[in-house]
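Here's the structure, in structure tokens; my notes come after.
The residues of the chain are indexed from 1 along the displayed sequence. Just so you know, these numbers come straight off a predicted model, no measurement behind them.
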Amino acid sequence: MAGLVVCGTQVSYIGQDCREIPEHLGKDCGHFAKRLDLSFNLLRSLEGLSAFRSLEELILDNNLLGDDLVLPGLPQLHTLTLNKNQITDLECLLDHLAKVTPSLEYLSLLGNVACPNELVSLEKDEEDYKRYRCFVLYKLPNLKFLDAQKVTKQEREEALLRGAFMKVVKPKASSGDIAASSEHRHYTPLPSASRELTSHRGVLGKYRYVYYGKNSEGNRFIRDDQL
């Protein structure tokens, strides 16, 4: 099968421009796959994912998934990345994840409208992002990492006290949003102006990135044995 890479229990089907999960992918790999990477495709639906009941990690970065996203019950899934999709309704997504992914500990939503970030929208600032994190942790209290940042004890306490009041309002669709969605394949979270590698606003620290596949966003989280 062209484009398919299998390494043990890790399955990658990256950059194939598929609009749906191929049926034969589930038949061939669903019974053993624990990690599935479907990055850089054109997925609008996750129908067919029900064949992968034993998944522990699911990478769906750089697709066209929106607010109608439906995941099957994945009781063992601990890592989910949905970076650079078209998700706008945060509460709807979190309520769904709470039901179908009870073991979820690592979640990343960068590059979605539902994740307010000043690198994506000039109208958002650090306070918007803090409120977003607080609301996500209120809805999913078992998370250890959110958007590649470790969840702190202080964040957990704040989410418990104020998370219910930090709901992020779903933005109204505009002509600008429609135009932006047509250019989704060229999305980048960085500003249009070039920036020196040594002049960034990220958090200083040592991270060990784990990549699978040529184009995969990868699982940008610290493993348990590195904590």
Side-chain angles (χ1 to χ4, degrees), residues 4 6 9-115 132-133 135-148 151 167-168 170 181 184 187 212-213 216-221:
L4 176 63
V6 178
T9 58
Q10 301 173 21
V11 178
S12 297
Y13 193 65
I14 303 168
Q16 301 303 304
D17 291 337
C18 59
R19 298 179 181 276
E20 58 185 22
I21 299 173
E23 183 177 354
H24 48 84
L25 185 63
K27 288 183 178 179
D28 295 341
C29 306
H31 62 287
F32 68 82
K34 292 188 179 299
R35 186 184 193 278
L36 178 62
D37 191 339
L38 296 172
S39 302
F40 290 91
N41 282 292
L42 299 171
L43 295 176
R44 293 181 181 273
S45 167
L46 295 177
E47 185 177 354
L49 194 61
S50 56
F52 296 85
R53 290 292 186 177
S54 299
L55 282 183
E56 297 178 0
E57 300 180 52
L58 178 58
I59 313 300
L60 296 167
D61 302 335
N62 288 276
N63 277 285
L64 301 174
L65 298 167
D67 294 332
D68 56 349
L69 177 154
V70 176
L71 286 166
L74 297 171
Q76 300 178 54
L77 192 75
H78 59 68
T79 297
L80 174 63
T81 70
L82 286 160
N83 300 312
K84 304 177 187 177
N85 277 277
Q86 298 180 349
I87 299 168
T88 63
D89 193 331
L90 181 62
E91 185 172 24
C92 179
L93 173 66
L94 298 179
D95 286 342
H96 180 56
L97 293 180
K99 294 178 181 178
V100 299
T101 58
S103 301
L104 195 64
E105 296 180 341
Y106 307 81
L107 175 65
S108 189
L109 299 173
L110 292 170
N112 290 280
V113 174
C115 175
Y132 151 84
R133 286 182 66 88
F135 184 67
V136 173
L137 295 176
Y138 164 71
K139 287 287 188 176
L140 301 175
N142 293 327
L143 287 184
K144 293 182 178 180
F145 282 82
L146 175 59
D147 301 332
V151 175
K167 180 178 178 179
V168 179
K170 178 181 177 181
S181 65
H184 173 78
Y187 173 85
Y212 297 94
S216 174
E217 285 289 313
N219 176 12
R220 303 182 176 186
F221 299 110

Quick one: list whatever passes side-chain contact (heavy atoms from CB on, under 4.5 Å) with [X], sequence neighbours left out.
X   : answer
R19 : L42
E47 : S45
H96 : L69, V70, L71, V100

Side-chain heavy-atom pair [X], [Y] within 4.5 angstrom cut-off:
X    : Y   : answer
P22  : L4  : no
L58  : L49 : yes
L25  : F52 : yes
L109 : L93 : yes
K34  : Q10 : no
D89  : D95 : no

From [X] [atom1] over to [Y] [atom2], what is the distance, rounded to the nearest 0.5 angstrom?
X   : Y    : atom1 : atom2 : answer
L82 : D147 : CG    : CG    : 10.5 Å
E56 : T79  : CD    : OG1   : 9.0 Å
L46 : L65  : CG    : CG    : 5.0 Å
S50 : L74  : OG    : CG    : 9.5 Å
S12 : I59  : OG    : CD1   : 9.0 Å
N85 : L110 : CG    : CG    : 11.5 Å

Carefully, step by step, assess Y138 and L94 under the rule side chain to side chain contact (heavy atoms under 4.5 Å, CB included).
CA-CA 10 Å; Y138 164 71; L94 298 179; over 6 Å; no
Between T88 and D67: side-chain donor-acceptor atoms closer than 3.5 Å
yes
Applying side chain to side chain contact (heavy atoms under 4.5 Å, CB included), run through N62 and K84 and close with a yes or a no.
CA-CA 5 Å; N62 288 276; K84 304 177 187 177; 3.3 Å; yes
Over 60° means perpendicular and under 30° means parallel, so tell me whether F145 and Y106 are parallel, tilted or perpendicular.
parallel
Quick one: do R44 and D68 satisfy side chain to side chain contact (heavy atoms under 4.5 Å, CB included)? Show the steps, please.
CA-CA 9 Å; R44 293 181 181 273; D68 56 349; over 6 Å; no
Test your reading of the model: is there a side-chain donor-acceptor pair from [X] to the backbone of [Y], 3.5 Å cut-off?
X    : Y   : value
S103 : P75 : yes
N41  : S39 : yes
D37  : I14 : no

Quick one: do N83 and T81 satisfy side chain to side chain donor-acceptor pair (under 3.5 Å)? Show the steps, please.
CA-CA 6 Å; N83 300 312; T81 70; 4.5 Å; no
